[in-house]
Amino acid sequence: MNRTTWRSALAFVLTAAALATFPAMGMAEQVLDGKIVALVNKATFEVVVPKPAKDSLSYEKPLPLDLLPYAERKDKYYSIGTAFAIAPDRFVSADHVMSLGQKSLFKEYFLRDKEGNVYAVDKIYKYSDRKDFVLFSLKEGKASSFLKVNTHPKLNETVYAVGNALGEGIVIRDGLYTSDTPEDEDGEWKWMRFSAAASPGNSGGPLLDKEGQVVGVVLRKSANENLNIALPIAEVVNAKENLATVHKKLKYFIDNMDMTKMDTLKAELTLPKSYQELNRQLIDTVNPFSAKLLQSLLAENRDTIFPNGKGSAILFQKNLTAHFPNLIVQGDDGNWGLYSPKETSRSELGTNGYLVYGTLGNSFYMSLKKPDDLPLESLYKDSKAFMDLVLKGVSVTRQIGPEKVKVTSLGKADTEYTHRDSYGRKWLVRSWPLEYSDERIVAFSLPVPGGCISMMRRGQSGLVEDGHTLDLKVLADFVYVSYYGNLKQWREFLAAKEYLPELFSTIDIDFAYDKFFRYTSKRVSLSYTPDVMHITERSDLKLNLGFFPEKGKTVWDVISVCPGDDKSTNTCFLVNRNRRPPEELSDAYRGDWENLVNARMPYNKVSFFQDKMTTIAMPYTRGIDLKKLDSANVLYDVVHLKDGNVEQKDMEKEIDRFAEGVKVYEEIR
């Protein structure tokens, strides 16, 4: 499946044709008879789509359209390729020019002749995605002239590539028909290779012999040599009438896994059909097949994909923490771990707001902390406000001639819904159209205290709707982030109940500044008052969520509660849930567990100074039969960190006072 990234651009010629003349060039001017050139000019057409009437985007300044050539600036259409007539009511072009089988913001395709007359594509009579051609008629339009075909061209003879080169008018360029290349899959036919120059916009145009007869359909450049590729016209002529053939070899993979799934879709659809009817039927044929391919990939590898299989054991054992979204990825050793972009950037958004972002795989990841003057609810409910902040921190531009103009707003998303992942987290899914380029931007945003984390992609409209969005729904299950913020941010976050993960319905967090703080879940509770640690709007709280097996299923739950004195300091307490490591893990994991069970260093309640902080830790054993510790599967610890070098007696006193407010409900089993 072809997928694009956040910063990728659509390979799409967005320029118009200069229609004053259709000049012949090079040997074509010397060899092709003038009557043949005149015939070619009449029988060759531009493929065009109407420029969008609507532009949802806002820019930092008016678009400098005066930088565009006059013809392009005034044209009501985008010129995207070439077509030609082989009969008064039969026209040929490349399938990829017509974008059949893809959802598009461009709903209708047209041909434009050399006088500037425009005709809508009507019925499709022959179609092959594998051979990359389409044969069709026009609404209320016929060709006054058409090209004859030659189904038996000779090697090493002169040929002429005709097309709408670079969107600037039909040109004719000469070269040689040099060789044939079997198609890759099973050699069912041979591609023609030729040396005549071809440029973007040439696709779908005719390849002519010296008599002006069509020998091929120009398709693409050769990947590694200065030779271009055409489909022999015989493949079009000999194809069955009134039949569309679909033959797609699809390969599916997900960014965080090394496994792939490949299969070939073969289908036949009856014709004739209108462009819109065939396009809809192709979409309805291909998309379910692609979705099924993804489900097969996941089903066939279910036993080894996180959270299943031995490769998940290490991640089950770790106390995970991440303020920036991390992706759970399968490493080269088969173990699953947390990964983040190698490089991230940070942009300030004003009034304490900021954006941290980076790219990992095919997705753009970011952590957004909202400005203080923007209500959290507005960030979640107002898609325009959300994306305006993103665009303030990340540069997205539109190319106008030689100049790039910064986009300041995409407006309100035209698609919005909530996706619940496997762990009950609620992702806000929003998609924005970029009408001028037939692209979309989609964002999956997970609310967190003070803002949100997001995954984003950009690409051709249909690929975003039916490809990228499907990928991101899968990846949502593999995104990890801690829930962190100061108490003021937590208060606003907890009030937005409709956006909270389902887990939070089992957790109660309550506090009053300078009075008390309480955290209660079915597993553990803790509470303290200001004589133990400050409780102000600047005090912070971090919940580290983890994954672990319980009662035959994988649970996503809080494994560490960390209330802090102030967001600007390291002073805090932690209550951590620890799980007995399975036998397959290394001695390092079992050694740490034994130290906890036996209250050995660092859990021996002896403080130590390191990294400008003093730390003290101890196992939580209140109410536990100490004789059962050796067989325990779950055990909690309490940790206290404090800035500076603090005396042992003071650290011991403070951790004891905090531990008095801790109660564990979970059986140690």
Side-chain angles (χ1 to χ4, degrees), residues 1-3 11 81-84 86 92-102 124-136 149-157 159-163 175-200 202-209 213-253 260-269 271 278 282 285-286 289-290 293:
M1 172 171 284
N2 184 23
R3 291 171 287 177
T82 308
F84 58 94
I86 59 171
V92 177
S93 188
D95 165 45
H96 74 265
V97 169
M98 308 295 285
S99 298
L100 280 161
Q102 291 186 7
I124 310 296
Y125 292 92
K126 295 183 181 181
Y127 167 85
S128 171
D129 60 353
R130 186 182 181 196
K131 296 183 179 179
D132 198 0
F133 77 84
V134 57
L135 179 78
F136 56 94
V149 301
N150 174 8
T151 58
H152 296 90
K154 295 180 179 179
L155 282 171
N156 300 315
E157 291 204 348
V159 290
Y160 305 89
V162 182
L176 291 178
Y177 169 23
T178 62
S179 59
D180 293 317
T181 300
E183 66 87 22
D184 290 342
E185 188 170 336
D186 54 22
E188 181 182 332
W189 72 91
K190 293 181 179 180
W191 301 109
M192 300 177 67
R193 303 180 75 170
F194 62 96
S195 61
S199 307
N202 267 97
S203 290
L207 185 68
L208 306 178
D209 63 15
Q213 300 176 108
V214 181
V215 296
V217 184
V218 176
L219 296 180
R220 61 188 181 275
K221 286 182 175 292
S222 175
N224 301 314
E225 301 176 49
N226 188 26
L227 288 175
N228 301 316
I229 294 176
L231 175 72
I233 193 63
E235 297 297 330
V236 178
V237 172
N238 296 332
K240 290 183 179 180
E241 192 83 11
N242 300 328
L243 184 68
T245 61
V246 180
H247 185 114
K248 290 184 180 291
K249 180 174 284 188
L250 300 176
K251 179 180 179 181
Y252 217 116
F253 65 94
T260 61
K261 177 69 176 178
M262 184 179 293
D263 201 357
T264 301
L265 167 63
K266 296 180 181 180
E268 292 186 346
L269 309 175
L271 299 174
L278 178 59
L282 288 170
T285 301
V286 175
F289 185 86
S290 179
L293 197 63

[X] side chain vs [Y] backbone, donor-acceptor pair below 3.5 Å:
X    : Y    : result
D95  : V134 : no
S99  : Q102 : no
E183 : E188 : yes
T245 : S128 : no
K126 : N238 : no
S93  : T82  : yes

With side chains defined as the heavy atoms from C-beta onward, is the minimum distance between [X] and [Y] less than 4.5 Å?
X    : Y    : answer
F84  : V217 : yes
P232 : V215 : no
L278 : L271 : yes

Option passing side chain to side chain donor-acceptor pair (under 3.5 Å) with S203 (candidates K221, H96, R220): H96
Would you name the heavy atoms of [X] and [Y] that are closest together and state the gap between them?
X    : Y    : value
Y177 : K154 : CD2-O, 3.1 Å
A197 : N228 : C-ND2, 4.0 Å
H247 : D129 : N-OD1, 2.9 Å
G187 : P182 : CA-CB, 4.2 Å
A230 : L207 : CB-CD2, 4.0 Å
L231 : K131 : CD2-O, 3.3 Å

Stepwise side chain to side chain contact (heavy atoms under 4.5 Å, CB included) check, E241 with Y125: CA-CA 6 Å; E241 192 83 11; Y125 292 92; 3.9 Å; yes
Side chain to side chain contact (heavy atoms under 4.5 Å, CB included) evaluation trace for V162 with L208: CA-CA 8 Å; V162 182; L208 306 178; 3.6 Å; yes
State the [atom1]-[atom2] distance between [X] and [Y], to the nearest 0.5 angstrom.
X    : Y    : atom1 : atom2 : value
L265 : L293 : CG    : CG    : 10.0 Å
D132 : Y127 : CG    : OH    : 8.5 Å
D180 : M192 : CG    : CE    : 7.0 Å
T178 : L227 : OG1   : CG    : 4.5 Å
K248 : L282 : NZ    : CG    : 8.0 Å
I233 : T151 : CD1   : OG1   : 9.5 Å

Residues in salt bridge (Lys or Arg N to Asp or Glu O under 4.0 Å) contact with D186, at least two apart in sequence or another chain: R130
Steps toward side chain to side chain contact (heavy atoms under 4.5 Å, CB included) verdict (I124, F136): CA-CA 4 Å; I124 310 296; F136 56 94; 3.7 Å; yes
Steps toward side chain to side chain contact (heavy atoms under 4.5 Å, CB included) verdict (E157, D209): CA-CA 8 Å; E157 291 204 348; D209 63 15; 5.9 Å; no
